[in-house]
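Report on the structure given below.
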Amino acid sequence: MDIFVDSAGPLLAALGTTVVMAVVAGIGSLIVGTLIAAARISPIPVLRGAAFAYVQFFVNVPLLVLLILAVFALPDAGILMPLAPTTVVVLTLYEAAYVAEAIRSGVNTVGNGQIEASRALGFTLGQTLSLVVLPQSLRAAVQPIGNVMIALTMNTALAAAVGVVELTSAANKLNLVEAQPILIFTAAGLVYMLLALIIGLSAGRIERKVAIVR
Amino acid sequence: MAHAPGTPTASSAARTASTDMVVMTDVQKHFGEHHVLKDVSLSIAPQEVVVVVGPSGSGKSTLCRCINRLETITSGDIRIDGVTLPQEGKALAQLRADVGMVFQSFNLFAHRTILENVTLAPIKVRGEKKKDAEKHGLELLDRVGIADKADSFPAQLSGGQQQRAAIARALAMRPKVMLFDEPTSALDPEMVTEVLDVMVSLAKEGMTMVVVTHEMGFARRAADRVVFMDDGRIVEQNTPAEFFDHPESERARAFLSKILTH
Ligand SMILES: Nc1ncnc2c1ncn2[C@@H]1O[C@H](COP(=O)(O)OP(=O)(O)OP(=O)(O)O)[C@@H](O)[C@H]1O
Ligand SMILES: [Mg+2]
């Protein structure tokens with residue numbers, strides 16, 4: 001255990017990076033994903049098509065490919081950003097596609113009848129979405145979104161591949177010095193499991209809180 | 001109820017256009033190739049209660065849904081209180097706010113309490129103050145007999161109670177016309193009366209109503225006029241007594257003999 005105590009500082013900093021990336025990308029992907037989902041179910045064909053293309057693109061390209069592309073291609077295009085923020089942006093856009101799909105599955109739990117009722121009452125499309133459809137969709141999507149957030153947290157590990165010093169990368173560095181891969185990566189794995197557990201339990205709590213009486 | 005029914009023909013539309021609450025003129029509606037409303041002209045006077053009957057698939061629901069433009073029509077003209085239905089957007093939403101609609105399947109907002117269901121549109125569409133909307137909402141819930149359910153969620157109510165809440169929700173907008181599309185068809189028999197009683201009292205108070213229903217008792221009690229549809233056309237219209245006792249067309253006779261033997 002000494003090896004962890006000795007490098008506690010860098011390890012904790014790396015864990016901090018992982019958590020911050022997960023939290024920022026998590027919030028970002030919730031916002032972007034909700035907008036994509038709203039576009040996906042809007043009656044405006046252009047918006048629907050664009051949202052569909054967005055989801056298809058991000059679901060069908062591996063995250064690692066996107067990360068490497070962003071890290072190498074963006075500077076070429078004149079956009080200079082530090083590595084960690086670049087990773088967060090890519091993660092946000094990538095996971096937003098999955099959030100959008102989770103919300104869309106929630107939308108299907110809102111009956112068409114309720115949408116007609118709100119139109120008949122004189123709600124505009126925006127009001128129908130924001131007052132009737134999305135609140136119910138988001139509630140039904142809490143658990144699926146929780147799973148997306150867990151996947152997002154695990155996916156922060158890919159940042160190691162493009163040089164961000166987060167938990168996996170720090171574990172790797174430690175291993176280069178200590179050569180104790182089983183111990184070090186088991187410990188790292190347990191930390192990821194703990195993060196996943198926290199997210200899963202929170203999702204469960206939120207779901208019980210906002211559940212719709214049916 | 002104050003209004004005597006017009007002549008039992010569909011052509012009265014043009015004549016009474018200026019004062020009527022709903023005026024449909026030569027309305028055609030297609031679903032793809034399928035011609036669902038054929039030359040429909042219908043005028044409904046203020047405070048008149050019109051019951052629409054006809055076999056399944058004859059276009060009753062479509063007629064109802066065209067009146068507030070939940071369905072767009074292929075051609076023809078529909079006016080509410082003298083104003084032609086706007087195409088889309090805010091103007092259409094404003095006009096819909098004046099036309100209450102009650103559905104077969106209630107369609108209450110599942111994530112909102114009964115009182116919120118009733119106050120949401122007045123607050124968000126009409127811009128009423130929350131306090132005023134709640135006061136009016138509670139009065140309406142009291143009127144339909146479910147004031148004690150104000151803080152319940154829709155799923156906690158029986159079908160009959162949900163439908164009465166849906167009626168209160170529509171009334172909260174102080175609509176000029178109320179459309180009912182088979183409001184009691186999804187209800188257990190013992191709950192039909194409680195909903196029909198509310199509708200009869202509305203009719204007595206002078207609400208302009210279009211009611212698609214198979215409840216012939218309601219038609220006899222509350223309707224000024226029965227409109228019989230078949231295959232997308234208005235085939236015949238008359239006072240309830242005349243229509244039920246002396247149907248003119250063969251198709252109406254066939255329809256009545258079928259539903260009355262049930
Ligand atoms: N959204 C739709 N798309 C295609 N066809 C439709 C649609 N809605 C209704 N129709 C068709 O239009 C015709 C009229 O339907 P409508 O629902 O108005 O009949 P109805 O008189 O209300 O029947 P019911 O008594 O069964 O409710 C039917 O043939 C139906 O199949
Ligand atoms: Mg119908």
Side-chain angles (χ1 to χ4, degrees), chain A residues 30 34 37-39 41-48 102-146 203-214, chain B residues 61 64-65 67-71 86 88-114 116-127 151-157 162 165-166 169-175 177-179 181 186:
Chain A
L30 280 178
T34 304
I41 55 177
S42 80
I44 303 159
V46 182
L47 276 184
R48 265 209 318 267
I103 294 175
R104 200 167 65 96
S105 72
V107 168
N108 294 334
T109 66
V110 184
N112 199 29
Q114 287 187 52
I115 298 172
E116 293 210 317
S118 68
R119 289 167 67 205
L121 283 166
F123 288 131
T124 60
L125 173 66
Q127 288 175 321
T128 300
L129 285 179
S130 65
L131 295 171
V132 177
V133 180
L134 286 176
Q136 296 186 59
S137 312
L138 285 171
R139 289 171 210 214
V142 169
Q143 213 38 275
I145 287 177
R205 273 190 74 141
I206 296 173
E207 181 166 56
R208 275 192 299 282
K209 259 220 173 94
V210 301
I212 297 166
V213 190
R214 290 204 185 274
Chain B
S61 296
C64 237
R65 296 162 56 80
I67 293 178
N68 63 357
R69 216 167 195 279
L70 284 181
E71 301 286 355
E88 265 311 323
K90 265 226 129 51
L92 177 60
Q94 287 303 326
L95 194 126
R96 278 186 182 141
D98 288 337
V99 181
M101 185 154 197
V102 176
F103 302 84
Q104 182 174 340
S105 46
F106 330 134
N107 298 344
L108 293 171
F109 304 134
H111 62 310
R112 297 283 190 151
T113 65
I114 295 303
E116 286 169 347
N117 263 275
V118 174
T119 57
L120 194 62
I123 293 171
K124 299 290 180 181
V125 177
R126 294 261 196 249
D151 296 323
S152 304
F153 284 88
Q156 297 167 322
L157 271 60
Q162 286 190 53
R169 176 175 69 177
L171 289 176
M173 297 298 281
R174 306 175 205 269
V177 195
M178 288 278 284
L179 309 173
D181 189 3

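Note that this is a predicted model, so its numbers are computed, not measured. So you know, we letter chains A, B, ... as the sequences are listed, proteins then strands, and number each from 1.
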Heavy-atom distance under 4.5 Å to chain A: side chain of [X], backbone, both or neither?
| X | result |
| --- | --- |
| B:F103 | side chain |
| B:L108 | backbone |
| B:R126 | neither |

Pick whichever of B:R96, B:M101, B:R112 has the most heavy-atom pairs under 4.5 Å with chain A.
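If we count pairs closer than 4.5 Å to chain A, B:R96 comes out on top.
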Could you tell me if the side chain of B:N68 sits less than 4.5 Å from the side chain of A:R119, heavy atoms only?
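With C-beta onward as the side chain, the pair stays apart.
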Verdict with reasoning, A:V110 to B:H111, per side-chain contact (heavy atoms from CB on, under 4.5 Å):
CA-CA 10 Å; A:V110 184; B:H111 62 310; over 6 Å; no
More than 12 heavy atoms of other residues, nucleotides or ligands under 6.0 Å from CZ of A:R205: is that the case?
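12 or below, so no.
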Only pairs of heavy atoms separated by less than 4.5 Å count here; which of A:T124, A:V132, A:I115 has the most with chain B?
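Of the candidates given, the most pairs with chain B belong to A:V132.
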Closest heavy-atom contact between B:L70 and A:A120?
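B:L70 and A:A120 have their closest heavy atoms at CD2-N, 4.4 Å.
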Locate the shortest heavy-atom distance separating A:L121 from B:R169; write the atom from each residue and the value.
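Taking every non-hydrogen atom into account, CD1-CD, 3.7 Å.
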Out of curiosity, A:L131 CG to B:E116 CD, how far, rounded to the nearest 0.5 Å?
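If I round to the nearest 0.5 Å, the distance is 11.0 Å.
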Nearest-0.5 Å distance, NZ of residue B:K124 to OG of residue A:S130
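Between B:K124 NZ and A:S130 OG, I get 7.5 Å after rounding to 0.5 Å.
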Side chain, backbone, both or neither: which part of A:E116 has an atom under 4.5 Å from a heavy atom of chain B?
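Backbone plus side chain of A:E116, per the 4.5 Å heavy-atom cut-off to chain B.
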